[in-house]
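Here's the structure we're looking at; comments come further down.
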Amino acid sequence: MDESGPTQNRRSRRSNVLLKATLEIPGDSLPVVLRNLSQEGALVQGEGLPEAGTRVLFHRQGLSVPSRVAWSHCGHAGLEFEFPLFPGELLRHIPSPASRVPALPVKRRPGLAPQPLTEAERMLIERWATEGATRLGE
């Protein structure tokens with residue numbers, strides 16, 4: 001799924017993902033959740049993320065990219081890769097969309113439009129109107 005739109009100021013398309021990754025900083029390794037990915041950067045979520053300007057090494061299944069934390073706020077951080085990923089390398093980390101199951105037909109309740117009266121209903125109403133309501137229940 002792509003979040004890019006004409007109103008966003010992006011150099012390349014970002015694909016929404018929900019994958020495990022790691023940020024390596026001097027002396028520590030932080031587990032993060034990769035939220036979106038593009039050729040130039042990524043959005044990660046985690047605890048204790050480094051502040052803006054920090055150099056990190058982004059790891060995801062054999063992919064290691066030197067990066068810089070562009071911003072960090074409330075458990076989210078934007079990473080800017082030092083070099084763009086090749087399209088093939090990028091696509092290797094973006095899962096294919098699941099095949100869609102055909103939608104079931106929608107069952108709707110009957111409408112409230114008036115229906116024509118049956119002959120029996122018509123006769124009952126005429127009897128009620130002429131004979132009175134007290135005698136119909138007898």
Side-chain angles (χ1 to χ4, degrees):
M1 180 183 288
D2 184 9
E3 220 178 39
S4 298
T7 60
Q8 290 182 330
N9 187 18
R10 303 273 189 220
R11 289 179 282 184
S12 65
R13 298 173 66 144
R14 291 188 176 259
S15 296
N16 289 334
V17 294
L18 193 59
L19 303 169
K20 292 182 180 180
T22 305
L23 292 184
E24 189 177 309
I25 56 176
D28 202 5
S29 181
L30 301 172
V32 294
V33 175
L34 177 61
R35 301 303 302 250
N36 73 32
L37 182 65
S38 75
Q39 287 181 301
E40 282 86 24
L43 171 65
V44 296
Q45 179 181 3
E47 294 184 20
L49 294 173
E51 58 187 49
T54 305
R55 297 276 179 207
V56 297
L57 190 57
F58 172 79
H59 292 286
R60 163 79 187 140
Q61 283 189 346
L63 173 69
S64 294
V65 184
S67 309
R68 180 185 66 83
V69 177
W71 59 268
S72 181
H73 183 70
C74 294
H76 290 80
L79 302 181
E80 181 180 8
F81 298 150
E82 287 189 11
F83 55 86
L85 298 178
F86 292 112
E89 189 64 29
L90 177 68
L91 292 175
R92 186 170 72 91
H93 295 277
I94 299 174
S96 300
S99 61
R100 295 187 180 259
V101 176
L104 297 174
V106 177
K107 303 226 179 199
R108 300 189 187 273
R109 63 185 176 100
L112 298 175
Q115 301 292 321
L117 296 174
T118 65
E119 190 59 37
E121 292 169 330
R122 190 181 323 267
M123 289 176 64
L124 180 64
I125 292 172
E126 286 176 11
R127 249 179 76 199
W128 178 79
T130 57
E131 298 177 15
T134 58
R135 298 190 64 209
L136 283 179
E138 296 176 349

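Starting from 1, each residue takes its place in the sequence as its number.
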Closest heavy-atom pair and its distance - G48, L30: O-CD1, 3.5 Å
Can you tell me how far the CD1 atom of I125 sits from the OG1 atom of T130, to the nearest 0.5 Å? 12.0 Å
CG of L37 to CG of L19: how many Å apart, nearest 0.5 Å? 8.5 Å
Heavy-atom check, side chain of F81 versus side chain of S38, under 4.5 Å: no
Is there a side chain to side chain contact (heavy atoms under 4.5 Å, CB included) between L18 and R35? Walk through the geometry before answering. CA-CA 5 Å; L18 193 59; R35 301 303 302 250; 3.7 Å; yes
For a side chain to side chain contact (heavy atoms under 4.5 Å, CB included) check, start with the C-alpha distance between H76 and W71, then their side-chain angles and the critical distance, and finish with the verdict. CA-CA 8 Å; H76 290 80; W71 59 268; 3.9 Å; yes
Smallest separation among heavy atoms of H59 and S64, with atom names: ND1-OG, 2.7 Å
Considering non-hydrogen atoms only, spot the tightest contact between V56 and V69 and give its length. CG1-CG2, 4.0 Å
Would you name the heavy atoms of A70 and A52 that are closest together and state the gap between them? O-CB, 3.7 Å
CG of L57 to CD1 of I25: how many Å apart, nearest 0.5 Å? 11.5 Å
Co-membership, hydrophobic cluster, residues L117 and W128, 4.5 Å side-chain: no
Euclidean distance, L23 CG relative to R60 CZ, rounded to 0.5 Å: 13.0 Å
Do you know the tightest heavy-atom contact between F58 and S67? CB-OG, 3.8 Å
Check: S72 side chain, A77 main-chain N or O, donor-acceptor pair, under 3.5 Å: no
Atom of L49, atom of V44 and distance for their closest heavy-atom approach: CD1-O, 4.2 Å
Measure the CZ-CG distance between R68 and L79 for me, rounded to the nearest 0.5 Å. 9.5 Å
Roughly how far, to the nearest 0.5 Å, is CE of M123 from OG1 of T118? 10.0 Å
